[in-house]
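Accompanying notes for the structure given below.
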Amino acid sequence: MIRAGIVGATGYAGAELVRILTGHPEVDVTMLVSRQYSGVAFDTVYPAFKGVVDATCQALDVDRICDQTDVVFLALPHKIPMSIVPQLISRGKKVIDLSADFRIKDAAIYERHYQPHTAADLLSKAVYGLCEVFSEQIQAANLIGNPGCYPTSVLLPLIPLIQQNLIDIQSIIADAKSGVSGAGRSPSLGIHICEVSESFKAYKVASHRHNPEIDEVLSTVSSDPVHITFVPHLVPMNRGMLTTIYCTLSKDVDDQKIDNCLNSYYKDRNFVRVLSGDQLPETRFVRGTNFCDIGFRIDKQRLILISAIDNLVKGAAGQAVQNMNLMLGFDEVAGLDTMPYPV
């Protein structure tokens with residue numbers, strides 16, 4: 001059994017990691033770390049785990065983590081992971097970081113949108129963990145920058161089409177909607193129930209930190225600079241993400257070419273479902289699962305792509321476990337074969 005540690009186990013993504021890894025056939029969760037709840041039983045923080053997870057949260061101690069784990073998941077706010085990842089990597093640990101610290105290759109871009117990077121020498125060694133696109137690199141990696149939830153929902157529909165030159169890369173607009181859990185568990189006025197209930201809003205328009213992450217990956221796969229217009233929205237629901245993408249089609253591209261491209265690219269991938277006929281993605285169809293559903297429509301020369309993911313699973317913890325499976329040579333679906341809820 002592989003020993004896994006989760007640092008930041010009491011945040012929403014951390015708790016999802018506990019849920020998924022506890023049911024993983026190849027993993028023993030040996031350490032749960034939480035600064036806020038050190039010394040507190042995990043099932044006291046999350047009573048849903050009563051009788052299922054018998055563990056007490058511990059304080060952050062890198063030496064203890066290295067002694068008791070083989071793979072470490074960091075479900076922490078950005079800036080904190082970069083301070084401990086070098087120690088973990090130097091001691092031979094496999095690390096999957098769910099923050100933004102190791103997603104962006106260009107340190108200058110990262111620092112423009114976040115803060116100074118204190119482990120920039122590791123950026124070239126980190127692999128961007130979009131499993132369906134970079135699986136070969138992930139298998140050989142020791143450090144994964146787990147993609148953001150919004151980027152996952154935008155990149156998976158677009159990358160196959162860009163690689164086949166089926167769309168104009170300068171015409172892309174992404175309109176994305178997320179449940180409130182995407183803002184994390186720490187309380188703040190903007191996610192107070194009175195602020196979000198019975199309302200729907202755009203936020204960080206043309207200034208969201210996931211925009212440069214999306215642009216960098218799309219520029220890499222297209223070999224040309226790409227900048228998309230990205231507008232996130234907050235929806236008054238707990239979890240789920242629906243993204244609608246608009247772009248201009250290249251000449252003589254029809255429904256069949258789009259359908260063939262997406263189905264061909266994802267035919268051997270377990271967690272991307274390309275919908276056909278009258279079906280279009282909905283968040284309820286992927287709730288609690290690691291699926292990304294993709295559908296599309298063509299309106300004259302404009303392509304409309306729609307994707308749906310669970311922001312806490314495929315957008316965070318599920319994709320992190322999928323990355324671990326690839327890194328360690330496990331079945332890619334291990335621990336992630338949860339049946340969807342029918343309603």
Side-chain angles (χ1 to χ4, degrees), residues 1-11 13-18 20-22 24-39 42 53 55-105 107 110-111 114-129 131 134-147 316-317 319-330 332 334-335:
M1 296 284 280
I2 289 293
R3 300 172 303 163
I6 303 167
V7 183
T10 55
E16 282 291 308
L17 282 166
V18 175
I20 295 167
L21 290 172
T22 297
H24 196 294
E26 307 285 350
V27 172
D28 183 15
V29 179
T30 55
M31 179 169 284
L32 302 180
V33 175
S34 172
R35 291 181 301 171
Q36 183 178 0
Y37 293 101
S38 175
F42 187 76
V53 176
T56 298
C57 298
Q58 302 181 40
L60 176 62
D61 183 321
V62 173
D63 288 336
R64 189 183 302 158
I65 292 171
C66 290
D67 289 342
Q68 297 182 17
T69 67
D70 304 303
V71 59
V72 182
F73 294 86
L74 301 177
L76 297 166
H78 55 270
K79 190 176 183 179
I80 302 174
M82 70 173 76
S83 68
I84 60 177
V85 164
Q87 301 169 70
L88 298 173
I89 292 296
S90 69
R91 295 180 61 173
K93 302 297 129 179
K94 300 279 190 181
V95 179
I96 301 162
D97 177 27
L98 279 71
S99 83
D101 284 3
F102 295 95
R103 293 175 188 162
I104 296 174
K105 289 291 185 186
Y110 175 89
E111 292 180 350
Y114 293 90
Q115 67 275 314
H117 205 298
T118 59
D121 58 308
L122 288 176
L123 292 177
S124 62
K125 300 175 183 177
V127 172
Y128 189 71
C131 299
F134 302 114
S135 59
E136 290 185 12
Q137 297 95 313
I138 292 166
Q139 290 171 41
N142 291 319
L143 173 59
I144 297 293
N146 204 62
Q319 185 149 237
V321 173
Q322 189 181 354
N323 272 300
M324 180 199 70
N325 288 341
L326 290 170
M327 295 169 79
L328 299 178
F330 299 151
E332 191 173 350

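Around atom NZ of Lys105, more than 12 heavy atoms belonging to other residues, nucleotides or ligands sit under 6.0 Å away.
Contact between Ala334 and Val321 at its shortest, heavy atoms only, is O-CG1, 4.1 Å. Between Leu17 and Ala75, the shortest heavy-atom contact is CD1-CB, 4.3 Å. Of all heavy-atom pairs between Asp101 and Pro81, the closest is OD2-CD, 3.4 Å. Closest non-hydrogen pair, Glu332 versus Cys131, comes out as OE2-CB, 4.2 Å. Annotation for Ala107 and Ala120: closest pair CB-CB, 4.2 Å, computed over non-hydrogen atoms. In terms of heavy-atom proximity, Ala4 sits nearest to Leu21 at CB-CD1, 4.4 Å.
Atoms CG and CZ, from Asn323 and Phe73 in turn, are 8.5 Å apart once rounded to the nearest 0.5 Å. Atoms OG and CG, on Ser83 and Leu60 in that order, are 7.5 Å from each other to the nearest 0.5 Å. With rounding to the nearest 0.5 angstrom, the OG1 atom of Thr56 is 12.0 Å from the CE atom of Met31. For the atom pair OH (Tyr128) and CD1 (Ile144), the distance works out to 11.5 Å, reported to the nearest 0.5 Å. A distance of 7.0 Å separates CD of Glu26 from CE of Met1, quoted to the nearest 0.5 Å. Rounded to the nearest 0.5 angstrom, Gln36 CD and Thr10 OG1 are separated by 6.0 Å.
Proximity of a side-chain donor or acceptor of Asp70 to a complementary backbone N or O of Ile2 within less than 3.5 Å is not detected. Panel note: side chain Lys94, backbone Ala141; a donor-acceptor pair is recorded below 3.5 Å. Judged purely by atom type and a 3.5 angstrom limit, Asn146 has no side-chain atom pairing as donor or acceptor with the backbone of Leu98. In terms of modelled atom types and a separation under 3.5 Å, the side chain of His117 and the main chain of Glu111 share no donor-acceptor contact. No donor-acceptor pair closer than 3.5 Å links the side chain of Ser38 to the backbone N or O of Arg35. Judged by distance alone, with hydrogens and angles left aside, the side-chain atoms of Lys125 form no donor-acceptor pair with the main-chain N or O of Leu143 at under 3.5 Å.
Aromatic ring centroids of His78 and Tyr110 lie 6.0 Å or more apart.
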Hey, mind stepping through Asp63 and Arg91 against salt bridge (charged side-chain N to carboxylate O under 4.0 Å, His left out) and telling me if it holds? CA-CA 10 Å; Asp63 288 336; Arg91 295 180 61 173; 2.6 Å; yes
Show, in sequence, the C-alpha distance, side-chain angles and deciding distance for Val85 and Lys93, and conclude whether the side-chain contact (heavy atoms from CB on, under 4.5 Å) test is met. CA-CA 9 Å; Val85 164; Lys93 302 297 129 179; over 6 Å; no
Can you check side-chain contact (heavy atoms from CB on, under 4.5 Å) on His24 and Asn325, steps first, answer last? CA-CA 10 Å; His24 196 294; Asn325 288 341; 2.8 Å; yes
Checking Asp67 against Arg3 for the salt bridge (charged side-chain N to carboxylate O under 4.0 Å, His left out) test, could you report, in this order, the C-alpha distance in whole Å, the side-chain angles of both residues, the deciding distance, and whether it holds? CA-CA 10 Å; Asp67 289 342; Arg3 300 172 303 163; over 6 Å; no
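If you check the side chains of Thr30 and Asp28, you find no donor sitting under 3.5 Å from an acceptor.
Using a 4.5 Å cut-off on side-chain heavy atoms (C-beta onward), Leu74 and Ile84 make contact.
Exactly one of Val71, Val7, Asn142, Ile65 qualifies for a side-chain contact (heavy atoms from CB on, under 4.5 Å) with Leu88. That residue is Ile65.
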